[in-house]
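The structure displayed is predicted, hence computed values, not measured ones. Letters A, B, ... are given to chains in the order of the sequence lines, protein chains preceding strands, and every chain is numbered from 1.
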Number of protein chains: 2
Amino acid sequence: MGDLEFKSAVETTLKVIGGKWKPLILCHLTEGVKRFGELKREMPEITQKMLTQQLRELEKDGIIHRKVYTQVPPKVEYSLTEYGQSIREVLDVMSQWGRRHQKRMREMDSSITK
Amino acid sequence: MGDLEFKSAVETTLKVIGGKWKPLILCHLTEGVKRFGELKREMPEITQKMLTQQLRELEKDGIIHRKVYTQVPPKVEYSLTEYGQSIREVLDVMSQWGRRHQKRMREMDSSITK
DNA sequence: CGGTATCCTCCGAGATACTG
DNA sequence: CAGTATCTCGGAGGATACCG
């Protein structure tokens, strides 16, 4: 486990799905195909610039697909690629551990309060 | 999967083990108990300040244990707590996905070069 | 509607020096 | 040996305005 490959692989994963917005965006896209405005509405705190930027990076990494409808007004749909579906299990494990950790933190807080 | 809890749990995990240095530190500590200087030597690029800072945060989150030997010269040992052992599986999944992604990226590169 | 293009802010992280 | 204490800076991320 301590080998170099292991460590660099972990860092690769964090480069692709880490950061402030990507995990959230990916969670939303696991629900299905979404339009740009739809994603924006579901994440009110993200700026248009950041949403565009992060989506472009995920697209470059092959995780998501960007489908442009050439029409007026424009319509753009985002979805996980078949390959992109594979991060689901990573998100799942991270979510499970996070839930456990949240619970633990709450318990520690209340034991101090007592 | 798309529920609020799921998303916040993923973010919680990234807050605890994400960032530039924590995954690396944790990988090293999965190998066993390490002294401060030992970790520093194994990660030459990290500054003393960042190493200390990140270790403190991991300690606060209950992931690692800090054992101080009151002696001169000082000796401090770091190790995963029993609870901390549980991030192993998270790191494992992330590493597996990362390895897969690295391979995929290499293949895409070479298909362009051709 | 789904973006660019600029400009700006803030803080994560590095460099360096000092210390119990 | 294992740290603090400052100072500094780049770049991630935000605010705002404009565009096809």
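- Looking at His101(A), Arg99(A), Gln102(A) one by one, the single match for side chain to side chain donor-acceptor pair (under 3.5 Å) with Thr12(B) turns out to be Gln102(A).
- Residue Tyr69(B) is out of contact with every strand shown, counting any heavy-atom pair closer than 4.0 Å.
- Here Lys20(B) reaches the OP1 or OP2 of dG14(C): one of its side-chain N or O atoms lies under 4.0 Å away.
- At least one side-chain nitrogen or oxygen of Tyr78(B) sits closer than 4.0 Å to the OP1 or OP2 atom of dG3(D).
- Ion pairing of Glu42(A) with Lys34(A) is present here, as a side-chain N (NZ or NE/NH1/NH2) and a carboxylate O approach within less than 4.0 Å.
- In this structure, His65(A) and Tyr83(A) have side chains that are not in contact, with every pair of non-hydrogen atoms separated by 4.5 Å or more.
- Between dC1(D) and Arg35(B), no contact under 4.0 Å exists linking OP1 or OP2 to a side-chain N or O.
- Distance CZ (Arg41(B)) to C1' (dG3(D)): 15 Å, rounded to an integer number of Å.
- Between Lys7(B) and Glu31(A) a salt bridge is recorded (basic side-chain N to carboxylate O distance below 4.0 Å).
- Comparing Arg56(B) and Glu45(A) by the nucleotide of DNA chain D whose heavy atom lies nearest to each, the residue mapping closer to the 5' end is Arg56(B).
- The CD atom of Glu77(A) sits 9 Å away from the P atom of dG2(C) (whole-angstrom rounding).
- Counting to the nearest Å, the P atom of dA15(C) and the CG atom of Leu51(B) are 14 Å from each other.
- Distances were taken from every side-chain heavy atom of Gln48(A) (C-beta onward) to each of dC1(C), dG2(C), dG14(C); the shortest belongs to dG2(C).
- Rounding to whole angstrom units, CE of residue Met50(B) and C1' of dA15(C) are separated by 13 Å.
- Atom pair Gln53(A):CD and dA12(D):P shows a separation of 8 Å (rounding to whole Å applied).
- Atom NZ of Lys67(B) and atom C1' of dC1(D) are 17 Å apart (whole Å).
- When each of Pro74(A) and Lys49(A) is assigned the nucleotide of DNA chain D with its nearest heavy atom, Lys49(A) is the one assigned upstream, toward the 5' end.
- Side-chain N/O atoms of Arg66(B) include one lying less than 4.0 angstrom from OP1 or OP2 on dG3(D).
- In summary, of the residues considered (Glu82(A), Glu89(A), Arg88(A)), a side chain to side chain donor-acceptor pair (under 3.5 Å) with Gln85(A) occurs for Arg88(A) alone.
- Atom-to-atom, CG of Leu39(A) to P of dG2(C) comes out at 10 Å; the value is rounded to the nearest Å.
- Between the CD1 atom of Ile46(B) and the P atom of dA15(C) there is a distance of 12 Å, given to the nearest Å.
- Within the 4.0 angstrom heavy-atom criterion, no nucleotide atom of any strand lies near Lys40(B).
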